Amino acid sequence: KKMKFFSAMIQKLSTCATLGLVTTICLTKTSDLTMKHAEMAEVWIGLNHIKDISQEISGQVLGKLQEAVCMNSSGGQIEDSLLYWAQQVLDADVDDMYRNSEILHNGPVDREKDQNLLVLKRLEEKQEILDLHWRGPPDCILPQCSKYYEADGTMQALDEGKRAMFDKIVEQIASSN
């Protein structure tokens, strides 16, 4: 009855039970639920579960992760939480990234599969660098990959055996959420 009073629309009954345990609910100015203190449940770099980002990944990988999260944000609820996480945990400076990169493309590639591509151009030691960051479901993105980074910054070939290991990790994460 109280939910009706506040004009709240509940689409799943389990959401009501979860909301019963919440002491504070934050809303954006458009009345969307938001969480500004987001924490990642798990972070994986390559085939390794990372517990302490500041200690376990190289500066190169940290930079790519900051870039992928910050520059690929479209302003949705999930992206807002990811962006906040990147700023707080990864110490990402979004303004600096925008100053030092040019976005050549940021948008859908395949709307049916919910795939988006971000293409960035930046100068690094007087050399033009292009970075591509894909966003979408793992089962759509992973088949397009031929290499991946390890936490120490080494790039590895993504053969069929390693691809199967990535698929297993994705399945594990999906089943635990």
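The shown structure was predicted, so the numbers you read here are calculated from the model rather than taken from an experiment. Just the heavy atoms: all of them, side chains too, but no hydrogens, waters or symmetry mates, feed the values below.
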Inset, instruction - Write down the atom of H133, the atom of A68, and the distance for their closest heavy-atom approach. - result: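 So the two residues come closest at ND1-CB, 3.4 Å.
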Legend entry - Shortest non-hydrogen contact between V61 and G153, atoms and distance: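 Reported closest heavy-atom pair: CG2-CA, 3.6 Å.
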Inset, instruction - Determine, using the 4.5 Å side-chain heavy-atom cutoff (strictly less than), whether W134 and L130 are members of one ILVMFWY cluster. - result: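 Yes, same cluster.
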Inset, instruction - Establish whether I173 and I141 are linked, either directly or via other cluster members, by ILVMFWY side-chain heavy-atom contacts under 4.5 Å. - result: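 No.
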4.5 Å side-chain heavy-atom contact, [X] and [Y]:
X	Y	answer
E102	L120	no
I129	L123	no
L142	L158	yes
N116	V109	no

Inset, instruction - Return each pair, listed once, that meets side-chain hydrogen bond (donor to acceptor under 3.5 Å, both in side chains) where at least one residue sits in residues 140-149; pairs must be two or more places apart or across chains. - result: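 side-chain hydrogen bond (donor to acceptor under 3.5 Å, both in side chains) check on residues 140-149 returns Q60-Y149, Y148-E150.
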Legend entry - Side-chain hydrophobic cluster, 4.5 Å single linkage: members besides V170: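 Direct or chained contacts put V170 with none.
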Legend entry - Short N-O contact, D159 and K162, less than 4.0 angstrom: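 Here D159 does not pair with K162 in a salt bridge, since their nearest N and O are not under 4.0 Å apart.
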Inset, instruction - Identify whether the distance between the nearest side-chain nitrogen and carboxylate oxygen of R163 and E160 falls below 4.0 Å. - result: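 Looking at E160 together with R163, the answer is yes, because their closest N to O distance falls below 4.0 Å.
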Inset, instruction - Go through the structure and list residues passing side chain to side chain donor-acceptor pair (under 3.5 Å) with D95, not counting sequence neighbours. - result: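 Applying side chain to side chain donor-acceptor pair (under 3.5 Å) to D95 gives none.
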Distance from [X] atom [atom1] to [Y] atom [atom2], nearest 0.5 Å?
X	Y	atom1	atom2	answer
L83	Q66	CG	CD	11.5 Å
I50	L65	CD1	CG	10.0 Å
K168	L47	NZ	CG	11.5 Å

Legend entry - Side chain Q115, main chain P108, donor-acceptor under 3.5 Å: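 No; zero donor-acceptor contacts below 3.5 Å.
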Inset, instruction - Check for a donor-acceptor pair, side chain of R135 on one end and backbone N or O of V69 on the other, with a separation under 3.5 Å. - result: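 Side chain of R135 to backbone of V69, a donor-acceptor pair under 3.5 Å: no, none is there.
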Inset, instruction - Would you check, one step at a time, whether the test side-chain contact (heavy atoms from CB on, under 4.5 Å) holds for L118 with L104? - result: CA-CA 8 Å; L118 170 67; L104 300 179; over 6 Å; no
Inset, instruction - Just do the side-chain contact (heavy atoms from CB on, under 4.5 Å) check on L90 and W85 with the steps written out, would you? - result: CA-CA 7 Å; L90 303 179; W85 174 80; 3.6 Å; yes
Inset, instruction - Please test K121 against S101 for side-chain contact (heavy atoms from CB on, under 4.5 Å), starting from the C-alpha separation and ending with a verdict. - result: CA-CA 6 Å; K121 180 173 80 172; S101 299; over 6 Å; no
Inset, instruction - Sequence neighbours left out, what pairs pass salt bridge (Lys or Arg N to Asp or Glu O under 4.0 Å) with at least one residue falling in residues 45-62? - result: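 For residues 45-62: none.
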Inset, instruction - Could you note down all residue pairs passing salt bridge (Lys or Arg N to Asp or Glu O under 4.0 Å) where residues 62-71 supplies at least one of them, sequence neighbours left out? - result: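 Output for this query lists K64-D131, E67-R122.
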Inset, instruction - Apply side-chain contact (heavy atoms from CB on, under 4.5 Å) to D114 and C140, showing your working. - result: CA-CA 9 Å; D114 195 27; C140 294; over 6 Å; no
Inset, instruction - Could I get the full list of side chain to side chain contact (heavy atoms under 4.5 Å, CB included) partners for L132, not counting sequence neighbours? - result: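 Checked L132 against side chain to side chain contact (heavy atoms under 4.5 Å, CB included); matches are L117, V119.
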Legend entry - Donor-acceptor side-chain pairing of E42 and W44 below 3.5 angstrom: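 Checked: E42/W44 side chains pair up, N/O donor to acceptor below 3.5 Å.
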